[in-house]
Novice: 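After the structure tokens below, expect a handful of questions from me.
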There are 2 protein chains.
Amino acid sequence: MPLQPVSRRSVPDEVFDQVLGEVVDGAIGAGEPLPSERRLAEVLGVSRPAVREALQRMAQTRLLDVRHGGTTTVRDFKRYAGLDLLPRLLVRGGEIDTAVARSILEARLVVGPGVAALAAERGGPALEATLTETLDALAASEDDVDRQVQALAFWDQVVDAADSMVFRLMFNSLRAAYEPALAALAPLMAEEVGQVGAYRVLTAAIGSGDPDTARAAAEHVLRPATTSILSALTALEES
Amino acid sequence: MPLQPVSRRSVPDEVFDQVLGEVVDGAIGAGEPLPSERRLAEVLGVSRPAVREALQRMAQTRLLDVRHGGTTTVRDFKRYAGLDLLPRLLVRGGEIDTAVARSILEARLVVGPGVAALAAERGGPALEATLTETLDALAASEDDVDRQVQALAFWDQVVDAADSMVFRLMFNSLRAAYEPALAALAPLMAEEVGQVGAYRVLTAAIGSGDPDTARAAAEHVLRPATTSILSALTALEES
DNA sequence: CAGGTCAAGTGGTCTGACCAGTGGGTCGCC
DNA sequence: GGCGACCCACTGGTCAGACCACTTGACCTG
């Protein structure tokens, strides 16, 4: 195992994670009040500003309802949380939540082709060359992890070409969730990124400028791994 | 204009918005350093904890890179921001960014049918009744704004039925962005929510359990308003 | 019993201090 | 003169304690 940067978790980070854990794991439940900042500070053995910072960060992501003068209450994260909570929901209690994993694959399969279609409509003449270059790097790579990185770069360029702020922001969040786990997931996704041919077809389709062709080609890239992992997950659930 | 709750912006909120403005409007640019916390506190006339809280909140959304001992630098929000930044990007400099508005409509058109298809696959027998109930409320409503609320409730139930965490989280972010502007956008979207018939067809399609039918029906609900607003935006851009 | 009053508890903010990590400049050695 | 180790100034990280602003509910008053 290669050397890794030591993780330097700040005190507010720690508090944030702990409180988030209470909320996500249901120990506190939507609508229930949180202990006061002073009390939390005392219990956790940290200063009040540290607690405050953590709670404010949670409030920013709509996980808490902080009211001046009143008690801070927990909101229903399933109804209010954004995509940034995805990593935390994917691994709940040390285990991978298969339902969440499934939803990621399904969403990929819905959004990916849509983005590819937009990219086909809007991608300029230079796009196909850029994509091809990335694919060449992908094809030349010998390492699973590096292939993942290249595939991610490929999709990044497709999203750029789609020229859609919403899809760009979605992609940013999903990438932020995916990258930390990239090494762990590389073997699982190896099948997909090994199909350089399918990627080349997709590149040509996007370059052709026809949205429907691009949509179909993207689905052809994403479908196989989606299906096989999905059925693996189903088998896992039953065991 | 009806009475509204007075907005009580906290000091860190104010700082957050100001710094965010500098970043989003490009006054500081990706990679450039931010003034030190002490300096910012001095310039803005607030305490350092207030500045600190604002900066930490921005760091949490991947907009800043804060390093202990080093200088805090601005990250490229287009590459790292999540969906929560959408409202801020939609109205830049007091004006609506038509490109962003366009991307919202396009994303709706891609994701909506996908969600509907999943809902058709997974929705239980009670789903159709629940959706019909919401549609009855929508049909009975006389107010544009209230119709928007009902339509939102309808899609909320569809997303629930799709049983997909990723789409749920996406929907949460989009709803959080949409709701504050709901009253302003109601006239624009009135055409869509007026088509109760299309919604009923969609409900039946979802109830039938056939994903493809549901997908097509959802597109039929979303397409007309999407097309008309899109062309209005194009006209706006050219003027 | 309705109304206003008030006190306790909560979050909001500030001050000032000190700890901890970074980076550039400086000084001394080769 | 070149180069390395050291040091210090500056950055963010954390804390303690105080006070302000707001909400709530108990209490008191009419």
Side-chain angles (χ1 to χ4, degrees), chain A residues 3-20 22-23 28-75 77 80, chain B residues 3-20 22-23 28-75 77 80:
Chain A
L3 293 176
Q4 294 190 356
V6 298
S7 73
R8 235 175 340 223
R9 305 171 55 69
S10 74
V11 174
D13 280 350
E14 196 73 40
V15 175
F16 182 88
D17 278 358
Q18 285 206 35
V19 178
L20 183 59
E22 298 286 299
V23 171
I28 303 197
E32 289 179 33
L34 221 56
S36 75
E37 293 182 356
R38 292 173 231 270
R39 178 118 192 77
L40 272 177
E42 191 186 345
V43 171
L44 298 173
V46 300
S47 72
R48 201 182 139 207
V51 170
R52 178 178 168 73
E53 186 180 310
L55 297 192
Q56 288 296 332
R57 277 161 55 181
M58 288 190 66
Q60 157 128 351
T61 42
R62 302 187 294 271
L63 264 39
L64 293 181
D65 185 17
V66 180
R67 282 169 313 186
H68 187 176
T71 57
T72 298
T73 57
V74 174
R75 302 180 75 180
F77 69 89
Y80 292 102
Chain B
L3 292 175
Q4 293 189 359
V6 299
S7 73
R8 233 172 342 221
R9 304 171 54 68
S10 74
V11 173
D13 279 350
E14 195 73 41
V15 175
F16 182 89
D17 278 358
Q18 285 207 37
V19 177
L20 183 59
E22 298 285 299
V23 171
I28 303 197
E32 289 178 33
L34 220 57
S36 74
E37 294 181 357
R38 292 172 232 269
R39 179 119 191 77
L40 272 177
E42 191 185 348
V43 170
L44 298 173
V46 299
S47 72
R48 203 185 137 205
V51 170
R52 181 181 166 71
E53 186 181 309
L55 297 192
Q56 287 297 332
R57 277 160 57 181
M58 288 190 66
Q60 158 129 348
T61 43
R62 301 187 295 270
L63 263 40
L64 294 180
D65 186 15
V66 179
R67 280 168 315 185
H68 188 177
T71 59
T72 298
T73 57
V74 174
R75 303 180 74 180
F77 69 89
Y80 292 103

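In what follows, chains carry the letters A, B, and so on, assigned in the order in which the sequence lines appear, proteins first and then strands, with residues in each chain numbered from 1. As the structure is a computational prediction, the values presented were derived from the model and not from experiment.
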Novice: Using atom CZ of A:Arg9 as one end and atom P of C:dA20 as the other, report the distance to the nearest whole Å.
Specialist: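 Rounded to whole Å, this separation is 19 Å.
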Novice: For A:Asp13 and D:dG12, give me the distance from atom CG to atom P, rounded to whole Å.
Specialist: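 That distance rounds to 16 Å.
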Novice: Rounded to the nearest Å, what distance is computed from the CG atom of residue B:Leu40 to the P atom of nucleotide D:dC10?
Specialist: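 Those two atoms, CG and P, are 17 Å apart.
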Novice: Return yes if the base of D:dG12 and the side-chain atoms of B:His68 contain a donor-acceptor N/O pair under 3.5 Å, otherwise no.
Specialist: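 Side chain to base: pair present.
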Novice: Could you give the distance from OG1 (B:Thr72) to CD (B:Glu37), rounded to the nearest 0.5 Å?
Specialist: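 The OG1 atom of B:Thr72 sits 6.0 Å away from the CD atom of B:Glu37.
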Novice: How close or far is atom C1' of D:dT14 from atom CD of B:Glu37, stated in whole angstroms?
Specialist: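 Checked: the CD to C1' distance equals 11 Å.
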Novice: Rounding to an integer number of Å, can you tell me how far A:Arg48 CZ sits from D:dG17 P?
Specialist: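 In whole Å, D:dG17 P and A:Arg48 CZ are 13 Å from each other.
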Novice: Going by heavy atoms closer than 4.0 Å, what residues in residues 56-64 of chain B are next to DNA chain C?
Specialist: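 Per residue number, the list is empty: none.
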Novice: Please answer whether the main-chain N or O of A:Ala41 pairs with a side-chain N or O of A:Arg48 as donor and acceptor at a distance below 3.5 Å.
Specialist: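 Not confirmed, A:Arg48 side chain does not pair with A:Ala41 backbone.
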Novice: Which nucleotide in the set D:dC15, C:dT15, D:dT14 lies at the smallest distance from any side-chain heavy atom of A:Val46?
Specialist: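 Among D:dC15, C:dT15, D:dT14, the one nearest the side chain of A:Val46 is D:dC15.
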Novice: Which heavy atom of A:Phe77 sits nearest to which heavy atom of A:Val23, and what is that distance?
Specialist: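 Distance-wise, the nearest heavy atoms are CE2-O, 3.7 Å.
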Novice: Identify the heavy atoms of B:Pro33 and B:Thr71 that sit nearest to each other, and give their distance.
Specialist: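 Answer, listing the atom of B:Pro33 first, then B:Thr71: CB-OG1, 4.2 Å.
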Novice: At their closest point, which heavy atom of A:Met58 faces which heavy atom of A:Phe16, and how far apart are they?
Specialist: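 Smallest heavy-atom distance, with atoms named: CG-CE1, 3.3 Å.
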Novice: Set out, line by line, the N/O atom pairs under 3.5 Å between protein and nucleotides 5-9 of chain C.
Specialist:
residue, atom, partner, partner atom, Å
C:dG9, N2, A:Gly69, O, 3.2

Novice: Looking at D:dG13, does its base get a donor-acceptor pair with the side chain of B:Arg67 below 3.5 Å?
Specialist: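 Check fails, no donor-acceptor contact within cut-off.
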Novice: Check the distance between C:dG11's P and A:Glu53's CD and give it to me in whole angstrom.
Specialist: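 Between P of C:dG11 and CD of A:Glu53: 16 Å.
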Novice: So which one's nearest nucleotide on DNA chain C is more toward 5', B:Gly45 or B:Arg38?
Specialist: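 Taking each residue's closest nucleotide, the earlier one in sequence belongs to B:Gly45.
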Novice: To the nearest 0.5 Å, what is the distance between CD (B:Glu53) and CG (A:Leu55)?
Specialist: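 Taking CD in B:Glu53 and CG in A:Leu55, the distance rounds to 10.0 Å.
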Novice: So, is A:Arg52 near the phosphate of C:dT13, with a side-chain N or O under 4.0 Å from OP1 or OP2?
Specialist: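 For C:dT13, OP1/OP2 do have a side-chain N/O of A:Arg52 under 4.0 Å.
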Novice: Going by heavy atoms in the side chains, are B:Asp13 and B:Arg57 under 4.5 Å from each other?
Specialist: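 In short, these two side chains touch, coming nearer than 4.5 Å.
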Novice: If only side-chain N and O atoms of B:Thr71 are considered, is one of them under 4.0 Å from the OP1 or OP2 phosphate oxygen of C:dT22?
Specialist: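 It does not, given that no N or O in the side chain of B:Thr71 lies less than 4.0 Å from OP1 or OP2 of C:dT22.
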Novice: Nearest 0.5 Å please: distance from the OG1 atom of A:Thr73 over to the CZ atom of A:Arg67.
Specialist: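 Between A:Thr73 OG1 and A:Arg67 CZ, I get 5.0 Å after rounding to 0.5 Å.
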Novice: Round to the nearest Å and state the distance from B:Glu42 atom CD to C:dC14 atom P.
Specialist: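 Value for this atom pair: 14 Å.
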Novice: Rounded to the nearest Å, what distance is computed from the CG atom of residue A:Leu44 to the C1' atom of nucleotide D:dT14?
Specialist: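 Taking CG of A:Leu44 and C1' of D:dT14, I get 15 Å after rounding.
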Novice: Does any part of the side chain of B:Val74, heavy atoms only, come nearer than 4.5 Å to the side chain of B:Glu22, both counted from C-beta?
Specialist: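 The answer is no, as the side chains (C-beta and beyond) never meet within the 4.5 Å cut-off.
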Novice: Base, sugar-phosphate alone, or nothing: which one does B:Pro49 contact when heavy atoms must sit under 4.0 Å apart?
Specialist: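 Here B:Pro49 touches the bases of the nucleic acid.
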Novice: Which listed nucleotide (D:dG12, C:dC14, C:dT13) is nearest to the side chain of B:Ala50?
Specialist: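 Ranking D:dG12, C:dC14, C:dT13 by closest atom to the B:Ala50 side chain puts C:dC14 first.
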Novice: Would you mind telling me which of C:dA17, D:dC15, C:dG11 lies closest to the side-chain atoms of A:Val66?
Specialist: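 Comparing C:dA17, D:dC15, C:dG11 against the side chain of A:Val66, the answer is C:dG11.
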Novice: Could you tell me if the side chain of A:Gln60 sits less than 4.5 Å from the side chain of B:Thr61, heavy atoms only?
Specialist: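 They are in contact (side-chain heavy atoms under 4.5 Å apart), so the answer is yes.
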